[in-house]
Amino acid sequence: MDDVLDEVFERTLKKSVFKNRRVLLPDYIPPTLLHRDEEIRRLGLVLAPSLKGEKPSNVFIYGLTGTGKTAVAKYVLDKLVKKAGELGVRTRYVYVNLRQRDTPYRVLADIAEALDLRIPFTGLSTGEVLGRIVKRLNLLEDTILIAVLDEIDFLVKKHGDDLLYKLVRMNSELKDSSISLVGITNNIYFIEHLDARIKSSLGEEELVFSPYKTDQLIDILKSRAEEAFIPGALENGVIELCASYAAKEHGDARRALDLLRIAGELADRLGEDKVVLEHVKMARVELEKNRLTEITRTLPLHGKLVLLSVIQSTLAGRRYGTTGEIYDIYKRTAIDIGLDPVTLRRVSDILSELDMLGLISARLISRGRYGKTRVVSLESDAKTIINVLSEEPFLGESSILDRIMKSLGI
Ligand SMILES: Nc1ncnc2c1ncn2[C@@H]1O[C@H](COP(=O)(O)OP(=O)(O)OP(=O)(O)O)[C@@H](O)[C@H]1O
Ligand SMILES: [Mg+2]
């Protein structure tokens, strides 16, 4: 046993391909942002009036995940507040991530704290906190507060848009001070469903971030890699491969950086002194598994059952199952574990949702004079899914999963 541990320790202490791994972690803020000059300039233009003591317009920023929205917003606001300090203008800025601060109370408490108010962890009503913020801003005179509300869709999904409405309206109660909002989201559906009044006031200005192209991702990765790895640690083509994988996944810089970091970690773990293309390929598989685990875990119970039925329908070497076959299997399983099955219609909708998540593929094919039928195939790793499903009490205790694992040979 000792030998095993010795080896583990030895490897960990051994030279690493990394000089500074931290530079590749998701929360690291790089000193410069490449290929975002236009976005930085536009956000700067919208917020710059605060330097003259004028209230900036509210801005709505959207774009797919990993396109630099958070990084750009933080970058611009840090610079703006620094400049305001130099000029002696009273501009304050608060950044709130609404995925982490997921109640209206927490969001307001963060805003209040940016104004040096102390808010107890619980105990006040949101109306009370709101009132204190207004009072404080009026007392501070000529203060411009810019509140960045990142991942704004999370709060609205859970608690509705009441808070946004109140924040937008707050200005009518302020005398010489003002509050401006920078809302950020990667969820396009969210915008479509937002109340029209809020949409128009929050979106006085709009900024859309487009996905990065492969060569832009290469530049971003290169500048990080210089800080992160010891010289010569990357085989030729490693960065290009990370970039091209990430470009295929809608130009996501986070994904590109994750791939590079995990590839480096794998090289270290395997005791190798160079990151090679194979490590990137392995990193991709690992990331894909993590993503699949996360998505599967958050599916509602019937979604999990339908996914399981797709796996079952494609057992025994079959590549496709039809909607009807999958529904039969689903119904049997549901009854087996003591649940009321949902309708065929609903299962059909669930199949479309699973398709959109990329877990399965559901295509309509023509069967000549028999009309059209939908064929469904699994597009993700069955073993990873089954592992997640075994966490579900309903399924974990039944023998279904065991049987499937046997037929899959896992
Ligand atoms: N132009 C860039 N130059 C350098 N690094 C970048 C650039 N754009 C993004 N990054 C890095 O990529 C990662 C993802 O960026 P960011 O967090 O800003 O994405 P996002 O658009 O906010 O995504 P999400 O919608 O998922 O929150 C971060 O680590 C960030 O530092
Ligand atoms: Mg973000």
Side-chain angles (χ1 to χ4, degrees), residues 17-47 59-80 95 148 150-151 182 184-188 191 205-229 231-265 275-277 279-288 290-291 358:
V17 292
F18 291 111
K19 183 165 71 181
N20 183 3
R21 178 176 155 276
R22 206 176 60 82
V23 172
L24 297 176
L25 290 176
D27 52 0
Y28 174 81
I29 300 175
T32 50
L33 296 170
L34 300 165
H35 302 294
R36 279 300 179 232
D37 289 354
E38 184 55 25
E39 289 76 4
I40 290 172
R41 203 177 65 85
R42 285 205 45 208
L43 186 59
L45 269 175
V46 175
L47 300 178
V59 205
F60 208 3
I61 299 179
Y62 52 98
L64 294 175
T65 184
T67 49
K69 301 179 297 296
T70 301
V72 164
K74 285 187 168 171
Y75 177 86
V76 170
L77 276 148
D78 281 344
K79 291 246 152 143
L80 183 84
Y95 170 88
V148 179
D150 202 353
E151 310 204 43
V182 178
I184 305 179
T185 181
N186 58 25
N187 185 335
I188 300 157
I191 304 164
E205 298 282 344
E206 280 184 354
L207 224 58
V208 182
F209 280 50
S210 49
Y212 291 113
K213 308 226 164 44
T214 311
D215 51 347
Q216 297 177 327
L217 288 171
I218 290 175
D219 290 342
I220 292 172
L221 287 178
K222 273 194 179 147
S223 80
R224 289 283 183 103
E226 255 170 49
E227 300 292 314
F229 292 97
L234 301 185
E235 185 191 35
N236 275 343
V238 159
I239 286 189
E240 288 74 6
L241 188 60
C242 292
S244 91
Y245 281 159
K248 277 192 204 121
E249 305 211 10
H250 58 254
D252 178 345
R254 183 181 301 112
R255 170 57 65 120
L257 289 161
D258 282 348
L259 279 168
L260 189 59
R261 189 193 75 245
I262 294 173
E265 289 168 357
V275 185
V276 297
L277 297 179
H279 295 142
V280 178
K281 291 178 193 163
M282 286 158 69
R284 188 193 197 194
V285 173
E286 189 162 312
L287 268 177
E288 185 48 40
N290 293 347
R291 195 182 78 97

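With hydrogens and angles disregarded, a donor-acceptor distance shorter than 3.5 Å links the side chain of Lys69 to the backbone of Leu64. Side-chain atoms of Glu235 come within 3.5 Å of backbone atoms of Leu277 as a donor-acceptor pair (strictly under, hydrogens ignored).
Using a 4.5 Å cut-off on side-chain heavy atoms (C-beta onward), Leu257 and Tyr28 make no contact. By the 4.5 Å heavy-atom criterion applied to side chains, Arg42 and Val59 are not counted as neighbours. A 4.5 Å side-chain heavy-atom check between Leu34 and Gln216 finds every atom pair outside the cut-off. Taking the side chain as every heavy atom from C-beta outward, Lys74 and Ile29 approach each other to under 4.5 Å. Side-chain contact check for Asn20 versus Glu227: every heavy-atom pair is 4.5 Å or farther apart. No side-chain heavy atom of His250 sits less than 4.5 Å from a side-chain heavy atom of Thr67. The shortest side-chain heavy-atom distance between Leu24 and Phe229 falls under the 4.5 Å cut-off. In this structure, Val280 and Arg284 have side chains that are not in contact, with every pair of non-hydrogen atoms separated by 4.5 Å or more.
Across Ala247 and Thr214, no two heavy atoms sit closer than the pair CB-OG1, 3.3 Å. Counting all heavy atoms, side chain and backbone alike, Leu217 lies closest to Ala256 at CD2-CB, 4.3 Å. Across all non-hydrogen atoms, the minimal contact from Pro26 to Asp258 is CG-OD1, 4.4 Å. Minimum heavy-atom separation, Ala225 to Leu234: CB-CD1, 4.0 Å. The nearest pair of heavy atoms linking Ala283 to Ile262 is CB-CG2, 3.7 Å.
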(Q) Apply side chain to side chain contact (heavy atoms under 4.5 Å, CB included) to residues Arg224 and Leu260 and explain how you reach the verdict. (A) CA-CA 10 Å; Arg224 289 283 183 103; Leu260 189 59; 5.7 Å; no

Let's go through Phe60 and Thr185 carefully: what are the C-alpha distance in whole Å and the side-chain angles of both, what is the deciding distance for side chain to side chain contact (heavy atoms under 4.5 Å, CB included) to 0.1 Å, and is it a yes or a no?
CA-CA 8 Å; Phe60 208 3; Thr185 181; 4.0 Å; yes

Review point. Between Tyr95 and Thr70, does a side chain to side chain contact (heavy atoms under 4.5 Å, CB included) hold up when you go through it step by step?
Key: CA-CA 10 Å; Tyr95 170 88; Thr70 301; 3.5 Å; yes

TODO: Assess whether side chain to side chain contact (heavy atoms under 4.5 Å, CB included) is satisfied between Val238 and Leu221, documenting all intermediate values.
DONE: CA-CA 10 Å; Val238 159; Leu221 287 178; over 6 Å; no

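Looking at Arg261 and Glu265, a side-chain N of the basic residue comes within less than 4.0 Å of a carboxylate O on the acidic one, giving a salt bridge. Classification of Arg291 and Glu288 as a salt-bridged pair holds, one side-chain N sitting under 4.0 Å from a carboxylate O.
In this structure, CG on Leu43 lies 10.0 Å from CD on Glu39, to the nearest 0.5 angstrom. Note that CD of Glu151 and CD1 of Ile184 are 8.5 Å apart. Values are rounded to the nearest 0.5 Å. For the atom pair CD1 of Ile61 and CG of Leu207, the computed distance is 5.5 Å after rounding to the nearest 0.5 Å. Atom NE2 of residue His35 and atom OG of residue Ser210 lie 12.0 Å apart, to the nearest 0.5 angstrom. For the atom pair NZ of Lys213 and CD1 of Ile218, the computed distance is 13.5 Å after rounding to the nearest 0.5 Å. For the atom pair Leu241 CG and Ile239 CD1, the distance stands at 11.0 Å (nearest 0.5 Å).
Annotation: cation-pi pair Arg36/Tyr212 present, NZ/CZ under 6.0 Å from the ring centroid and within 45° of its normal.
Ring to ring, Phe209 and Tyr62 are not that close: their centroids are 6.0 angstrom or more apart.
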